[in-house]
Amino acid sequence: METDTITAISTPIGEGAIAIVRLSGPEAIAISNTVFKGKNLSSVASHTIQYGKMIDPSTNEVAEEVMVSVMKGPKTFTREDVVEINCHGGLVSVNRVLEIVLSQGARLAEPGEFTKRAFLNGRIDLSQAEAVMDLIRAKTDRAMNVALKQMDGKLSKLIQKLRQELLETVAHVEVNIDYPEYDDVEQMSHEIMIEKTKIVYAEIERLLQLAKQGKILREGLATAIIGRPNVGKSSLMNALVHENKAIVTEIPGTTRDVIEEYVNVRGIPLRLVDTAGIRETEDIVEKIGVERSRQVLKESDLILMVLNYADELTNEDENLFKAIEGLQVIIILNKTDLPKKIDMERVKKIASGFPIVETTLIEEKGIDQLERAISDTFFEGEIETGDLTYVSNVRHIQLLKQALSSLKDAMDGMEAGMPIDLVQIDVTRTWELLGEIIGDTVHESLIDQLFSQFCLGK
Amino acid sequence: MTYNAGHYDVIVIGAGHAGCEAAVASAKRGAKTLMLTLNLDMVAFMPCNPSIGGPAKGVVVREIDALGGVMGKVIDKTYIQMRLLNTGKGPAVRALRAQADKPLYIQEMKQILENEENLTLRQGMVEKLLIEDGVCKGVITETKAVYYAKSIVITTGTFMRGKVIIGDLAYESGPNNQRASVALSKHLDELGIEMVRFKTGTPPRVNSHTIDYSKTEIQPGDEEPRAFSYETTEFITDQIPCWLTYTNEFTHKIIDENLSLSAMYSGMIKGTGPRYCPSIEDKVVRFHDKPRHQIFLEPEGRNTEEVYVQGLSTSLPEYVQRDMLQTIPGLEKAEIMRAGYAIEYDAVVPTQLWPTLEVKKIPGLFTAGQINGTSGYEEAAGQGLMAGINAAAKALQTEPLILNRAQAYIGVLIDDLITKGTNEPYRLLTSRAEYRLLLRHDNADLRLTEIGYQLGTIKEDRYQKFLEKKRLIEEERKRLERIILKPSEDIQRIMDHTGGTALKEAVKASDLLKRPEINYEMIATVTPAELHLPDDVKEQVEIQTKYQGYIDKSNQQVERMKKMEDKKIPENLDYDDISGIATEARDKLKKVRPLSVGQASRISGVNPSDVSILLVYIEQGKIARVSNE
C-alpha cells in the first residue's frame with residue numbers, strides 16, 4: 001500500500017507567492033525527473049535544490065519555471081524519497097504542476113496521507129500515534145464531508161443515473177454468462193453494448209467539458225491578442241478594458257514578474273496573459289519565432305487574431321496563422337469603416353471554421369459581436385453557472401478521467417471484436433470508478449441488480 | 001453407556017458432496033480418517049437437480065480435480081450427457097455441465113471411498129461433539145460410540161433440524177425422507193454457535209413413460225467428447241438428451257389461484273430461500289408479466305424412468321402440483337413419482353469460521369458445505385475439499401492451505417462466506433469473482449496442480465504430465481513470438497477466407513493470432529509446430545496469446561490487491577483497544593476477525609478510514625515490539 005507515489009499541493013491554496021507540490025514514494029524522483037528540464041534529478045545529491053523548467057509532456061512545452069528540492073529517504077518527513085516542487089503561487093500554476101505529476105503516475109494523496117506514511121514508516125514516535133489516528137479520522141471524514149458538500153445534488157444524481165445504465169448493461173451480460181440457457185433473456189450484443197457505452201461516454205465527456213468550463217470561470221481564460229503592427233491590437237485591448245471592468249493584478253514571482261489583466265466578458269473572466277510584453281513588441285511577426293512568444297501563445301486558451309480589413313493579407317498574417325495552428329482562435333477583421341481590400345475567401349479558408357468578427361475598434365464598434373463570439377466559443381448557448389461549478393473537485397475530475405479512459409478501453413475492445421464478457425470487465429471498472437465519486441463501491445449491488453432485473457433460476 | 005470406538009486423525013460427519021471430498025482429501029494427505037454417515041446407501045446423493053457443473057460451478061469441479069479431489073472423476077464416469085456452455089463467449093466464462101446418473105454416481109463414489117487407503121466408512125448418527133477445554137476432541141453417536149480425533153469436520157448439509165414442507169404438510173426430515181439431524185443442531189446451538197434458518201426446494205419428478213416428448217424440444221449433449229477431470233481418457237459417447245418445454249398462462253393461473261396454499265406464501269416457511277433458485281410460485285409472483293417460464297425435463301439416470309422437472313420447484317400441495325403439470329405441453333398426462341417439496345434447515349453463520357473453515361470458537365472443529373449456508377453440490381464439494389485438506393493439516397501439524405480470490409473460485413467462495421457472510425443460500429456466480437479471466441475452466445490445472453502435488457493429493461505421474469504440458473505451452477508461445485510471417489499467398493488466402501483485412505507487412509505470428517478472426521489452427525497451417533501438440537496445449541497457447549492484454553490487466557489488479565492481502569492482522573487483535581474505529585466497523589471486525597487488511601477491507605460496514613486506522617494500529621504494534629526488544 002505504501003509502494004505507490006503520492007502527491008499533493010502542500011501549501012495553502014490561494015495564498016503566498018510560492019506554492020509547493022510535494023511528492024512522496026519510491027517513484028517521487030523518477031516522476032519529477034521525467035518532466036523536469038535541468039539537472040538529472042536522479043543523480044543530484046540528496047537535500048539539494050535545483051532550478052529548472054517543468055515540461056508539460058502532452059505538448060513538450062515548458063509549463064513553468066520551478067525550483068525542485070530532492071530529498072532521499074529515510075531522512076525525510078515520510079522516510080520515503082520526497083520531492084518538493086516550488087512554483088509560482090496562484091491556482092493556475094500550482095494546479096498545472098500538480099496535473100503534470102499526476103499524469104506521470106503519481107496518485108493524489110488522501111487527506112493526512114503524508115502524515116500517515118510518516119507514521120507507518122516509523123518517523124513519528126509512539127506518543128504521537130493516537131493523535132495521528134484522530135487526525136486521519138478527522139481529516140478523512142472532513143474531506144468526505146467537504147467532497148459531499150462540494151458535490152452538487154445534480155452531479156450525484158447524474159452519476160447515479162450513469163452508473164445505473166452501466167449496471168443494467170453489466171447485469172445483462174452476467175445473466176447471459178450465468179444462465180446461458182435462458183432463452184427469454186436477450187443476448188447482449190456488441191451493438192447494444194456499444195450504443196449504451198456511447199451514451200455514458202458522451203455524458204462523462206460532457207462532465208469533463210463542464211469541469212473545464214468551470215475552471216475557466218474560476219481561473220480565467222488565458223487570452224492573447226496577436227496581429228501585425230497597426231492592425232488595432234491596442235484598440236482592442238482598450239475597447240475590452242473600457243467596456244468591461246479591468247482588474248490589474250501583479251503577481252511577483254521569484255524569477256520573473258508577470259502582469260495579468262483580467263477583464264470580465266459576459267461573466268467570463270479573460271486573463272490577458274502577458275499581453276503587456278506582446279503589445280510592446282511591435283515586431284511580433286519576427287518575434288513569433290522566439291520561444292518565449294511562442295510559449296505565451298501555446299499557453300493561451302484563446303487567441304484573438306486581429307487582421308486589417310482595409311489591407312491585403314500578407315505573408316506575415318499567414319505566418320501568424322501557422323504559429324497558432326491547433327489553438328482556439330477568433331478572427332477579428334478590424335477597420336471596417338475603411339474600404340475592403342482583404343480577400344474574404346482566403347480569410348474564410350484559413351479561418352477554417354473559427355468565428356470571424358468584423359469591428360471598427362477605434363469607434364468601439366463590433367465589441368458586442370466579439371463578446372458573443374467569445375461566449376459562444378466556450379459556452380455553447382446559455383451559461384448555467386450552477387452546472388459549471390459542480391465538477392470542481394480534483395479527485396472527481398481524476399476519477400472521471402479514469403472512468404472515461406476505462407470506457408474507452410471497453411469501446412476499443414468491442415471495436416477489436418473481443419468477446420463481450422471481456423469487454424464487460426472494463427465496463428464494470430468504469431462503474432466502480434464512478435462509484436468512487438459518490439462513495440459507493442459495494443459490489444453486492446450488481447448481484448442484487450441481477451436478481452431484480454431478470455427472472456432466473458435453474 | 002458410551003464406549004471407546006477408536007482413535008483417528010480426522011473424523012468427517014456426513015457423506016454428501018462436501019463430506020466425500022473432505023474424507024478423501026484428508027485420507028490422501030495421510031491422515032487416518034473416519035467417515036460417519038446416516039445411511040451408507042446415500043453417499044454423494046443428489047437430492048436436487050441431476051447435474052454437475054455450469055458457469056462458475058463447472059470451474060470449481062475442475063479446481064477440485066486439480067487439487068486431487070474426486071467429483072470430476074466420478075461425474076466423468078457416470079454422466080448421461082455433457083455440454084460445454086457459453087461457447088459463443090470469451091474463454092473466461094466457458095464451463096462444462098454434465099447431466100448425472102444419480103444412482104450410478106452414488107455407486108461410483110462409494111467405491112472410491114471404500115477403496116481409499118486411510119479411510120474408514122461407518123454408518124452412524126452423531127449426536128454430540130466431545131469438547132474438552134474448549135477444544136473439539138471427538139464425537140459421540142446415538143449408539144453411544146465415542147470416536148476420538150484431532151480434527152472433526154461437520155458436513156451435514158440440509159439435515160440439521162431439517163423440515164420438509166408440501167402445502168400444509170410439514171414434517172421433520174432430511175432431504176428425500178431421510179432422518180433429520182436434530183440433536184447435533186441443538187448441541188451446536190448450546191456450544192454457542194450462531195445458526196440461521198434457510199430454505200430451499202425441489203420440483204416434482206415424473207415418470208418418463210407418461211411424458212409426450214413430441215411436444216417438447218430436444219436438448220442433446222455435445223458431439224465432441226469432454227471431461228471434467230484432467231485424468232479422464234475415456235469418454236461416454238452414448239448420451240441421453242434432456243427436453244425443453246414451457247409453462248403458460250394456464251399454469252400461472254393455477255398458481256395464482258392457489259398461492260395461499262403454498263407454504264412459501266402461507267407463512268409456514270420462515271427460512272430465507274435463494275433468489276437464484278426461486279420456486280415457480282415466486283417466479284410467477286415477482287415477474288407477473290412474463291407469459292412463460294422454461295421447464296427442462298432431465299432424466300435422473302440410465303436405469304430409472306424418473307425425470308426431474310427442472311424449473312418447477314414448489315411447495316404447493318401435491319394436487320396443485322398435479323394440476324400445474326397438466327397445463328404444460330408434454331406433461332399433460334405426466335404421473336408424479338415424487339412430489340416437489342420445500343426444505344428448511346439450520347445453517348452455521350459462516351463468519352464464525354477462519355479461512356481454513358475451522359470454527360473460531362471451537363478449535364479442532366471444521367464445517368463445510370451446505371451447513372455453511374451455501375447451495376449447490378459444487379460449492380459443497382469445494383469447501384469439503386478445503387476443510388479436508390486443512391483438518392488433515394491440523395491433525396498432522398502441517399501448514400494450512402488458504403486459496404485467495406485470484407487463485408480459484410473456491411477461494412472466492414470461502415472468502416465471501418467467512419468475510420461477508422450470506423443472508424440467503426449462497427451460490428457461486430461468475431460475477432462474484434473479480435478476476436474471472438484468470439479463473440478459467442481451461443487453466444484450473446495450471447493454477448492448482450502444483451499445490452495439489454505439494455499437498456500429496458496429486459501423484460507423481462500426473463504431476464510429470466502436467467509439467468510437460470506446461471513446458472509445451474511455454475515453448476510454443478515463445479516460438480510464435482519469434483516467428484515473423486510475411487504477407488505470403490498462404491496467409492492472404494487465410495485472411496480472405498476469414499474476412500479479415502489483408503496483411504500489409506510482416507507480423508509476428510503471436511500478433512496475428514491476436515486478431516479476433518484468427519485461431520491457432522490457421523497459424524499452424526502456415527507455421528506448424530515442430531512437435532505434435534495436444535489440443536489442450538494449443539488451446540492454452542491460443543487463449544494466453546489472444547487475450548494477453550486483458551490477462552495482463554487482471555494481473556495488475558491482482559498485484560494491487562496483493563499488497564493489502566500481504567498485510568497480516570494478528571488473530572487475537574483486540575479491536576476494543578483501537579480508538580477511532582467506527583462502532584459498526586468495530587463490531588464487524590470483532591466478529592469476522594480478518595487475517596489480512598485486504599480481507600478487512602472487504603467486510604461491509606468497514607470504511608476506508610477504518611482500514612487506515614487499523615493499518616496504523618498494526619504498524620504501531622510492530623514499532624512497539626521493536627522498541628521493546
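Every chain is numbered from 1, with letters handed out A, B, ... down the list of sequences.
By the 4.0 Å N-to-carboxylate-O rule, B/Glu434 lies too far from A/Arg429 to be salt-bridged with it. Taking the charged nitrogens against the carboxylate oxygens, A/Glu174 and B/Arg436 do have a contact shorter than 4.0 Å, which makes a salt bridge.
A/Gly417 and B/Pro516 get closest at one heavy-atom pair: O-CB, 3.9 Å. Residues B/Asn86 and A/Pro180 come closest through the heavy atom pair OD1-CB, 3.3 Å.
The main-chain N or O of B/Thr430 is found under 3.5 Å from a side-chain atom of A/Asp178 such that the two form a donor-acceptor pair.
Shown here is B/Lys514, whose NZ atom has more than 12 heavy atoms of other residues, nucleotides or ligands within 6.0 Å. Annotation: A/Glu195, atom CD; neighbour count of heavy atoms from other residues, nucleotides and ligands within 6.0 Å does not exceed 12. Within a 6.0 Å radius of NZ in A/Lys198, other residues, nucleotides and ligands contribute 12 heavy atoms or fewer. B/Gln548 CD: more than 12 foreign heavy atoms inside a 6.0 Å radius.
With contacts defined as side-chain heavy-atom distances shorter than 4.5 Å, the pair B/Lys89/A/Ile177 qualifies. A 4.5 Å side-chain heavy-atom check between A/Pro419 and B/Tyr547 finds at least one atom pair inside the cut-off. Side-chain contact check for A/Ile425 versus B/Lys553: every heavy-atom pair is 4.5 Å or farther apart. In this structure, the side chains of A/Val423 and B/Tyr550 come closer than 4.5 Å at one or more pairs of heavy atoms.
From B/Ser431, atom OG reaches atom CG of A/Asp421 across 12.5 Å, with rounding to the nearest 0.5 Å. Here the straight-line distance linking atom CG of B/Leu244 with atom CD of A/Glu181 works out to 8.5 Å at 0.5 Å rounding.
There is no contact between A/Ile420 and chain B, counting heavy-atom distances below 4.5 Å. Only the side chain of A/Asp426 comes within contact range of chain B, judged by heavy atoms closer than 4.5 Å. Neither the backbone nor the side chain of B/Tyr435 comes within less than 4.5 Å of any heavy atom in chain A.
Under the side chain to side chain donor-acceptor pair (under 3.5 Å) criterion, B/Thr245 pairs with no residue, sequence neighbours left out.
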